[in-house]
Amino acid sequence: MSDLAYIFKKNRYLRVGTIMVMILLFIALFADFLAPFAFDEANREARLEGPSADHWFGTDEFGRDVLSRVIFGSRIALRVAVLGVSIQVLIGVTLGLISGYFAGVTDQVVSFLADLTWSLPPIIMSMAVITIIGKGLDNTIIAISIVSWAQYTRVVRAKTSSLKNMAFVETALAYNEGHPSILFRYILPNTIPSIIVLVSLSIPNTIMSTTALSFLGLGAQPPSPDWGLALSSSILYLMNAPWLAIFPGMALVYTVFAFNLLGEGLRDLLDPRLRAR
Amino acid sequence: MLAYTIRRLLQGILLIIAVSILVFSMLHLMPGDPVELITDRKVPPDVKAEMKRQFGLDLPLYQQYLRWVKNIFRGDFGISIRSKTPVASTFRHRIPVTLKLTGTALLVEFLVGVPLGLWAAYKKDSRFDRAVISTSLLFAALPSFWVAVMLIMIFGVHLKLLPLSGFSSAKHYVLPVLSIALGGIAGMLRMTKSEVLDVLNERFVFTAYAKGLDKRTVLVKHVLYNSIILILVMMFLSLPWIISGAVIIENIFVIPGMGGLLTQAIINQDMFVVQGCVLIISILTVLSNILADLLIAALDPRIRVSMSGGGN
Amino acid sequence: MEKLLELRDLSINYLVKDGALSAVHQLNFDIHRGEIFALVGESGCGKSTVAFSIMRLLQGNEVVDGEIVFQGEDLLSLDEAKMEKIRGKHIGMIFQNPLDSLNPVYTSGSQVAEAISLDEKDKNVILEKVIKLYESVRIPDATERVKSYPHELSGGMRQRVMIAMMLSRNPQLLIADEPTTALDVTVEAQILKLLRELRDDFGSAILLITHNFGIVAELADRVGIMYAGELMELADVEEIFHCPVHPYSKALMASLPRITKEQGRLKTLEGTVPRIIGEFQGCRFSNRCEHAIEECFQRKPELLEWRPGHFVQCLNKEVLHGD
Amino acid sequence: MVINIDKVTKSYRVGSGFFLHGKKKIFALDDVSFTLREEEILGIVGESGSGKTTIARCILALTKIDEGRIEIQGRDIQSASRKEKKDLRSRFAIVFQDPPSNLNPRHRVKNSILRPLLLRGVSPQEAKERALEAMEKVKLDARYLQSFPHELSGGQQQRIAIARALVLRPDVMILDEPTSALDISVQAQILNLLLDLQKEMKMSYIIITHDLNVIRYVCDRVVVMYMGRVVEMADRNTIDQHAKHPYTKLLLASSPVLDPKDREDKRAVRWERRRMSTSKRPVT
């Protein structure tokens with residue numbers, strides 16, 4: 001049995017998580033073919049209709065097909081994941097490497113900033129950022145990301161400062177290796193496994209937070225098929241059109257669950273002692 | 001311990017100063033002039049200039065900051081442009097509400113999550129353990145606001161058992177607290193389990209067995225006590241998330257706390273209210289973090305030493 | 001001499017990815033009252049597994065076969081409650097890294113007191129006894145040190161606390177698993193001296209688990225040399241050092257730096273220890289053995305008495321009858 | 001004389017935080033002087049905290065010293081220019097204690113060995129030849145060049161570290177506890193290998209260790225360090241048989257004998273052990 005097959009056989013979280021994420025990617029990629037309608041195709045004749053053969057998930061207050069909107073919503077979720085996590089990794093890893101490697105004042109300043117953003121409620125702080133930069137999906141992603149890079153910095157910093165005292169780094173220095181090369185050839189590659197685990201664990205958090213802000217009306221704006229936005233407008237129709245709340249919510253739960261499983265599995269595999277919130 | 005306490009307090013003050021600078025600069029980072037933001041277009045320019053002077057907006061930035069801090073110390077957070085009332089008086093009623101909500105949620109998370117986690121660790125690999133862990137993984141994926149919507153649908157709209165909005169009686173607590181805590185319980189549970197399993201593999205647990213202690217004593221005195229310390233650390237680390245959850249939930253259940261106020265203020269561009277809310281919530285978070293650290297230091301002698309400068 | 005502990009065909013297998021990994025295989029030896037018995041071998045030979053199996057403190061993913069007879073009772077067949085009565089009272093154990101061995105959140109003294117309190121209830125008597133024990137393991141300033149937390153003590157001091165703790169209930173057997181690894185040479189010498197005195201003054205037998213032949217030469221009365229989970233040779237310490245019989249023991253002795261470079265070269269041992277999954281045919285040392293004959297690859301040798309008190313597990317008659 | 005260390009002092013400030021920052025000063029090296037001669041194996045022996053590892057870092061100019069001079073083939077390395085420092089360093093090779101952390105876990109063995117050469121501007125073709133030559137010298141099959149460190153045993157990893165040192169064709173090798181994490185039979189392999197290489201390539205060694213038995217086997221001269229100071233320095237036989245300083249005697253008495261017959265001989269020096277254990281670490 002190959003190692004990879006063995007890993008997948010042993011690690012149930014990784015197995016199920018990978019499959020679920022693949023399905024999600026498939027849906028997002030082929031949304032145009034899978035969705036029976038366009039996400040903004042309104043049918044005034046068929047408003048607030050329950051699930052039927054034509055509309056599996058029913059229709060909303062404008063007569064738009066909920067299934068199609070849920071399918072297109074997956075693209076938004078993935079956009080949030082990719083864009084948001086890239087920003088976090090970029091800020092967090094860079095600062096972590098710098099502060100871990102060049103101790104001293106730089107380290108103290110960066111650590112202080114990381115502690116600060118780490119200990120403040122992320123939704124509140126991103127709401128504060130949104131007041132400055134304005135509403136909208138991309139702004140929300142930016143806001144969430146600039147308040148949640150700290151976990152990357154903390155982990156990468158800790159790894160870096162222990163790695164830089166390892167014998168192989170000292171040896172490299174003795175063999176005249178320069179500092180940039182030490183950072184990028186010796187230290188960064190050894191932090192990659194932890195970063196991968198953190199990425200997979202922060203994707204669900206980022207998606208959830210961004211959706212929450214859209215739910216509050218600060219993120220994606222109509223007519224976007226964003227799940228959070230869909231949930232927020234569903235509240236008015238809870239009594240007679242519960243499907244409006246149920247299906248987008250379940251899509252969100254599926255997505256978060258899939259990435260959570262993947263993250264757990266990767267953590268068991270790559271860095272069992274790592275903790276993230 | 002005293003040195004550690006002082007050190008931790010100083011750190012906290014530094015954090016609060018940093019937050020206040022951030023919050024203060026919000027007003028200046030916003031596009032447009034603060035006076036334009038709080039006045040009508042109809043107000044003539046000379047009145048605006050007068051207002052600028054009055055607010056001290058013509059002073060150098062650091063002086064404006066000091067003035068702002070001084071006002072806050074006097075309890076003056078400015079005036080809400082929406083309600084035209086002093087922001088501070090609104091806060092007075094709303095802060096306790098948010099504190100009660102988050103406090104209850106934290107308590108519920110702890111009281112439900114930790115025992116379940118302990119039991120799952122004790123019965124590792126049993127059917128109970130597997131069921132609890134799988135359920136908790138699913139629960140961790142439930143966004144609080146969706147849970148809230150579902151709870152409203154089930155208990156409020158269809159069963160009509162519980163009130164859907166407001167915050168006046170114990171019954172009003174049930175749904176909001178449940179919405180916030182459900183995901184948290186799941187996290188707490190899994191964390192407790194993994195902490196306990198980590199401690200179980202520590203060498204000192206073997207020592208405890210080796211000196212002849214019975215399983216019960218080992219588990220309570222050496223495993224539970226040590227893991228509770230770590231669990232407390234984790235619990236307070238999750239505090240920012242609980243507060244975040246509370247902000248969202250307050251909106252759904254129309255609870256008159258800081259969260260609802262903040263959301264409305266952002267939508268209305270009510271600057272002074274936003275500033276005040278963010279500042280107060282941040283200060284409360286920082287303070288509770290300090291308290292938590294002191295509590296943990298009191299329980300764990302290693303932290304006292306490593307953080308107060310002694311030892312290596 | 002009276003037998004205190006007897007291992008009868010002890011086999012321990014770990015369940016791993018590709019099957020049952022044989023960590024210990026059909027081990028037989030006795031420990032007598034009041035003697036220091038050293039179980040020596042290179043890393044991965046299964047010596048620590050033996051120690052933990054005697055205490056019944058293995059992790060749970062092992063299959064243990066055979067008997068561990070302590071004062072006439074098979075420890076492996078006891079229920080957990082009875083085993084709790086044996087641990088500490090009759091068999092104590094100290095571990096490799098003395099920092100991890102003590103609970104960081106309690107004072108060192110209270111952890112020793114915890115052991116005493118199993119037999120004695122009076123708080124003042126307990127405290128007195130702890131201080132006395134601290135003095136007997138030469139911890140200076142004992143009345144103050146009992147209040148110290150483990151991290152406030154040096155490595156050597158922590159190991160002394162561990163010894164005091166295990167001494168407190170006066171067990172007939174103390175298992176010392178690499179007791180001085182990670183300690184400085186001078187501290188190591190002090191701990192070894194303490195262990196020797198412990199045997200002399202209290203008459204406890206010690207099972208010493210180590211890879212360090214220096215410690216063996218310093219401390220042991222009898223030595224068992226383990227290789228790949230089996231006992232290759234068992235004899236008095238002088239015999240092991242001066243006339244080892246088994247090719248593996250011989251190679252080890254010749255690789256000890258007891259000479260200077262001008263006096264000669266150290267002997268080395270080529271090849272690596274086999275990782276044994278499932279059944280294994282022949283002698284486990286055969287692939288590295290200079291004296292291996294055909295039979296060595298086909299049949300497992302038995303540990304036989306070569307001379308009174310000196311046991312060897314080897315099939316080659318030339319090796320056994322001298323060249 | 002390859003290296004001349006003259007009255008070197010190096011201290012660290014310890015204590016962190018608002019109140020204690022830099023208040024305590026600990027001398028890692030206190031007025032240390034010794035020399036390394038051509039084709040000599042010099043042992044530095046001491047316990048943890050004796051400063052023996054700091055010395056290695058100072059010689060390679062990985063850390064700055066407070067006072068004194070470290071001369072390498074007559075040139076002062078601490079005050080040397082960057083380029084000169086690089087040049088001086090290239091006559092050294094270093095092998096650290098812990099085999100698994102000695103090699104970058106993410107680099108193939110080949111990369112680890114070739115890297116120091118490429119940094120020095122050796123052509124890839126020549127570097128490869130030298131790597132193969134070095135692998136032969138440490139008696140490892142060339143196929144291990146393609147391996148990652150975690151696929152090798154501790155002894156093999158240490159051989160790779162030595163091979164990486166050899167490709168540089170250094171004048172001096174600094175070996176910091178080269179065998180203390182290895183099993184006894186593997187230790188013998190590495191020690192023999194080191195002795196063969198030294199003869200063949202006419203290098204000098206500084207071997208830093210706590211193990212007097214290793215020192216006795218390989219070294220020509222011995223420096224005994226205690227709390228940052230050199231307490232005794234002499235050729236190996238003198239140290240072994242006529243040690244003068246009480247700490248050296250204590251160390252000799254504490255060092256485990258490798259023959260049970262020698263047990264009794266050591267009792268005589270016990271009084272000195274007691275005397276030494278009462279002295280405290282100097283803190284100013």
Side-chain angles (χ1 to χ4, degrees), chain A residues 12-13 16 112-113 115-135 147 204-205 207-209 211-213 215-218 227-228 231-232 234-235 238-240 242 244-246 248-250 252-261 264 272-273 275 277, chain B residues 11 14-15 18-19 22-23 25-27 29-31 137-138 140-147 149-150 152-153 156-158 183 187 190-191 194 198 234 236-248 251-252 258-259 262-263 265-267 269 271 274-275 277-278 281-282 285-286 289:
Chain A
R12 198 160 45 107
Y13 292 153
V16 181
F112 181 77
L113 279 177
D115 281 351
L116 183 71
T117 41
W118 171 264
S119 61
L120 295 174
I123 294 282
I124 315 277
M125 296 323 280
S126 46
M127 281 165 106
V129 175
I130 289 169
T131 15
I132 299 169
I133 62 178
K135 291 188 280 193
V147 300
N205 274 339
I207 292 178
M208 245 209 263
S209 305
T211 318
L213 290 173
F215 178 81
L216 294 179
L218 303 174
W227 297 332
L231 280 174
S232 117
S234 77
I235 291 186
L238 272 189
M239 197 92 80
N240 32 22
L244 291 184
I246 291 173
M250 278 174 49
L252 177 58
V253 173
Y254 174 88
T255 307
V256 173
F257 188 57
F259 281 110
N260 271 350
L261 284 184
E264 289 284 320
R273 296 213 53 96
R275 292 203 201 289
R277 62 180 192 190
Chain B
Q11 244 173 28
L14 215 61
L15 276 174
V19 173
L22 277 179
V23 170
S25 51
M26 273 173 61
L27 201 65
L29 286 171
M30 282 190 51
L137 266 171
L138 185 65
L142 298 178
S144 59
F145 51 94
W146 188 61
V147 174
V149 171
M150 290 294 114
I152 288 177
M153 205 159 78
V157 178
H158 289 285
R190 282 186 302 139
M191 204 183 64
S194 70
D198 277 0
M234 296 289 163
F236 282 99
L237 277 180
S238 74
L239 197 66
W241 288 88
I242 296 187
I243 295 176
S244 293
V247 169
I248 303 165
N251 279 293
I252 302 175
M258 301 291 281
L262 176 61
T263 315
I266 291 175
I267 289 168
Q269 295 275 298
M271 259 339 285
V274 175
Q275 272 191 335
C277 282
V278 173
I281 294 175
S282 309
T285 317
V286 171
N289 270 330

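Below, chain A is the first sequence line, B the second, and so on; all start at residue 1. Note: hydrogens, waters and symmetry copies are ignored here, and every other heavy atom, side chains too, is used. None of the values given here were measured: they were computed from a predicted structure.
For a residue to count as touching a neighbouring chain, one of its non-hydrogen atoms must lie under 4.5 Å from one of that chain's; by this rule A:P242 touches chain B with backbone and side chain alike. Only the side chain of B:V274 comes within less than 4.5 Å of a heavy atom of chain A; its backbone N, CA, C and O stay farther away. With a 4.5 angstrom heavy-atom cutoff, A:I235 touches chain B only via side-chain atoms. The contact between A:Y13 and chain B is made entirely by side chain atoms (from C-beta outward), counting heavy-atom distances below 4.5 Å. B:I242 does not touch chain A: none of its heavy atoms, backbone or side chain, sits under 4.5 Å away. Interface residue B:L22: only side-chain heavy atoms are found under 4.5 Å from chain A. Using a 4.5 Å cut-off between heavy atoms, A:L113 does not touch chain B at all. Of the two parts of A:T211, the backbone and the side chain both hold a non-hydrogen atom closer than 4.5 Å to a non-hydrogen atom of chain B. For A:M250, the parts lying near chain B are the backbone and the side chain together; criterion is any non-hydrogen pair under 4.5 Å.
Across all non-hydrogen atoms, the minimal contact from A:M208 to B:P143 is SD-CA, 3.5 Å. Between A:L116 and B:A18, the closest heavy-atom pair is CD2-CB, 4.0 Å. Between A:A245 and B:V149, the shortest heavy-atom distance links the atoms CB-CG1, 3.7 Å.
Taking chain B as the reference chain and counting heavy-atom pairs below 4.5 Å, the highest number among A:L261, A:T255, A:I246 is found for A:I246. Most heavy-atom pairs under 4.5 Å with chain A, from the set B:V286, B:N289, B:L239, B:I152: that is B:N289.
Contact annotation: the side chain of B:R190 approaches that of A:E264 to within less than 4.5 Å [non-hydrogen atoms, C-beta and beyond]. The shortest distance between side-chain heavy atoms of B:I267 and A:L218 falls below 4.5 Å. Between B:L15 and A:F112 there is a side-chain heavy-atom pair separated by less than 4.5 Å. Inter-residue side-chain proximity for B:M258 and A:I124 is flagged as unmet; no heavy-atom pair is nearer than 4.5 Å. A:I123 places none of its side-chain heavy atoms less than 4.5 Å from the side chain of B:I243. Put simply, the side chain of A:P121 reaches to within 4.5 Å of the side chain of B:T285, judged on heavy atoms. Side-chain contact between B:P240 and A:L120 is absent, with no heavy-atom pair separated by less than 4.5 Å.
A distance of 7.0 Å separates CG of A:L213 from CD1 of B:I248, quoted to the nearest 0.5 Å.
At distances below 3.5 Å, not a single donor-acceptor pair connects side-chain atoms of B:W146 with backbone N or O atoms of A:L252.
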Working for side-chain contact (heavy atoms from CB on, under 4.5 Å), residues B:L137 and A:F257: CA-CA 7 Å; B:L137 266 171; A:F257 188 57; 4.0 Å; yes
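Pairs engaging residues 115-135 of chain A under the salt bridge (Lys or Arg N to Asp or Glu O under 4.0 Å) rule: A:D115-A:R154 [sequence neighbours left out].
Partners of B:F145 according to the ring pair (Phe, Tyr, Trp, His ring centres under 6.0 Å) rule, which considers only residues two or more places apart in sequence or in another chain, are A:F215.
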